[in-house]
Amino acid sequence: MPAAFIQHPFMSQQALAECNARAMVEAMLAFELALAEVQEARGALPEGASQAMRRTLEAHDVDLEAIAAGIASGGNAAIPFVKQGRAALPEALKRYWHQGATSQDVVDTALMLLLKPRLASLDALLVRCRSAALGLMQAHDQTVMVGRTLMQQALPITFGVKVAHWAIGLEQARRRLAGLELPVQFGGAVAVHSGLEGPGRDDLGLAFMDALAERLGLATAVLPWHTDRQPIHALATGLDAAAGAAEKLALDVSLLTQTELGEVAEPAAPGMGESSSMPHKRNPVRCALIRGAARQVHGHATVILNAAAQPLERGLGEWHAEWAPLLDSALLLEGALEQAAVLLEGLEVHPEAMRRNLAATGGGIMAEPVSRLLAPLVGQDAARRISAEAAETARLTGRPYAQVLHEQLLAGHEELAGRVERADLERVSDPALYLGSSRAQVQRAIAWLEGK
């Protein structure tokens, strides 16, 4: 597969460099050496054995191609890795290598170790997004724009409140990811630490498991979770939630960048957004990359969710199906958030275009408040008809909505003379005076985002 052309561009390049086959081997080795160290500390290995293993294996040149080839016969990377490690050790140490562990212990823990720096990077990117969004919210808490429902103009809002919704979605996802645990995996063949039992040693396996978690900087599991995939389920759904929040941002921005709207634009950069055939275009490429990555994360989440129920004491295909979607989701999300951070930090906002679009209907978006003003005087049905007809006339003739309303009222409702003034109509049809709780929402969102 030409991954460099069709997969990697959607991912974080830094994450790709840090999360590769060599990194997987290093993570598996970290598990095995930490296991030897905690076992030695409890007298299960001779003194000095774990350090002798470390000296030998850290200097050993692992054959990555042999490990990849061995997966076809063993079903996972741990089996050929363990074989290579044992072969490299002196005879006196071979028996202590991988003691009490099974291949799933190695792979699951290695995946947690690979994901730990990725979650830290995701958190840092989401903090950048939050900071940039706060600046936009404060700058535009009174910038009036059209609110749109079902893709049509509805009523006025502020751009600040729109950004607030993007920011809250991203921050909710950040807090969800920050609360996730990456637990160690250690249970042995059938997850009950077989082979470690003996007089007074019933809890030795659990003691090893807890000490291993502390040494590796991972969470302590209640029990081994070979077929209890709740940790993976939580990771997948947390990553997917963050992808959804980023996609919402990208979708809104891409719609607002349309030529006919032009209310915002992506940050300018040399060559960014250019077309292969149309020199005049400035495509929202960052939005496309975010949405492309997010859609892939959604698909990966489906695979993992469908593998949540795994049989008996070891999955048959379900566990194996998790690996690539889980890591790819983290790398894709990191790539999407790199773009989202740059997008929010450099977003070009065009208030003049927002004002222009507010007037696109001739002021007709204010028909609802006008109707509410007139209803007590002429009845609900007549008020709706008058406000709608005036809006259409204003749109077709290009005249101010309040002027058309005043003329129509004078012409068709003489009984309203003196009861509805032109100034009343101008006030009630002013978008800036019909923003509801927009400004208060921005202030409330800022306080929540800042943790106040």
Side-chain angles (χ1 to χ4, degrees), residues 8-20 23-24 26-27 30 110-138 163-183 216-219 231-232 234-250 253 266-267 269 272 285-287 289-294 296-298 300-301 326-347 445-452:
H8 295 172
F10 294 93
M11 296 176 167
S12 163
Q13 300 308 298
Q14 178 180 340
L16 276 169
E18 295 177 359
C19 198
N20 51 27
M24 180 73 176
E26 291 173 355
L111 289 175
M112 297 302 101
L113 291 172
L114 287 176
L115 285 168
K116 188 175 180 180
R118 302 281 56 85
L119 290 184
S121 182
L122 292 173
D123 187 82
L125 287 167
L126 285 164
V127 168
R128 276 180 61 190
C129 289
R130 181 182 65 193
S131 178
L134 282 167
L136 286 170
M137 290 160 62
Q138 291 162 342
V163 177
H165 284 286
W166 299 340
I168 288 171
L170 290 165
E171 177 64 12
Q172 285 175 326
R174 189 195 69 81
R175 296 182 188 184
R176 180 172 176 177
L177 288 172
L180 292 177
E181 291 188 337
L182 299 177
L216 291 172
L218 296 175
I232 303 300
L235 277 166
T237 55
L239 294 170
D240 187 64
E247 186 179 10
K248 162 63 176 170
L249 161 69
V253 169
E266 288 192 354
M272 198 71 183
V285 173
R286 295 191 191 278
C287 292
L289 291 170
I290 293 170
R291 298 195 70 206
Q296 293 178 73
V297 174
H298 301 331
H300 291 329
L326 187 61
L327 288 179
D328 279 359
S329 291
L331 270 60
L332 286 163
L333 178 59
E334 195 167 337
L337 291 178
E338 286 175 351
Q339 297 293 345
V342 173
L343 180 62
L344 285 169
E345 288 166 348
L347 188 67
I446 289 172
W448 183 81
L449 291 164
E450 293 179 339
K452 296 177 181 177

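The model shown is predicted, which means the values in this text are computed figures rather than measured ones.
- Side-chain atoms of Gln13 come within 3.5 Å of backbone N or O of His8 as a donor-acceptor pair.
- Separating the CG atom in Leu331 from the NE2 atom in His300 is a distance of 10.0 Å, to the nearest 0.5 Å.
- With a 4.5 Å cut-off on side-chain heavy atoms, Leu235 and Leu182 count as touching.
- A donor-acceptor pair under 3.5 Å is absent between the side-chain atoms of Glu345 and the main chain of Cys129, judged by distance alone.
- Ser12 and Arg118 share no side-chain donor-acceptor pair at under 3.5 Å.
- Minimum heavy-atom separation, Pro267 to Leu347: CG-N, 4.0 Å.
- Residues Ala301 and Ala236 approach most closely at CB-O, 4.3 Å, considering heavy atoms.
- For the side chain to side chain contact (heavy atoms under 4.5 Å, CB included) test, residues two or more places apart in sequence or in another chain that qualify with Glu181 are Ala219.
- To the nearest 0.5 Å, the span separating CZ on Arg176 from CG on Leu239 amounts to 9.5 Å.
- Interatomic distance, Met11 CE to Leu16 CG, rounded to the nearest 0.5 Å: 6.0 Å.
- The nearest pair of heavy atoms linking Met137 to Ala445 is CE-CB, 3.7 Å.
- Under the 4.5 Å side-chain criterion, counting only non-hydrogen atoms from C-beta, Phe10 is not in contact with Ile290.
- Contact of the Cys19 side chain with the Leu327 side chain is registered, since non-hydrogen atoms from C-beta on lie closer than 4.5 Å.
- Listed for the Gln339 side chain is no donor-acceptor partner under 3.5 Å among the backbone atoms of Gly335.
- Going from atom CG of Asp328 over to atom CG of Leu333 covers 12.0 Å, rounded to the nearest 0.5 Å.
- Every residue two or more places apart in sequence or in another chain that forms a side chain to side chain contact (heavy atoms under 4.5 Å, CB included) with Glu171 is listed here: Arg130, Arg174, Arg175, Trp448, Leu449.
- The distance from the CG atom of Asp123 to the CG atom of Leu177 is 8.0 Å, given to the nearest 0.5 Å.
- A donor-acceptor pair is defined here as one N or O able to donate and one able to accept, closer than 3.5 Å; no such pair exists between the side chain of Lys248 and the backbone of Ala243.
- Residues satisfying the side-chain hydrogen bond (donor to acceptor under 3.5 Å, both in side chains) criterion with His298, sequence neighbours excluded, are Asp240, Glu247.
- Counting only heavy atoms from C-beta outward, the side chains of Glu266 and Leu343 approach each other to under 4.5 Å.
- Looking only at distances, no side-chain donor or acceptor of Ser131 sits under 3.5 Å from a matching main-chain atom of Arg128.
- Closest of all the heavy-atom pairs between Ala133 and Val163 is O-CG1, 3.6 Å.
- Atoms CG and CG, from Leu170 and Leu344 in turn, are 7.0 Å apart once rounded to the nearest 0.5 Å.
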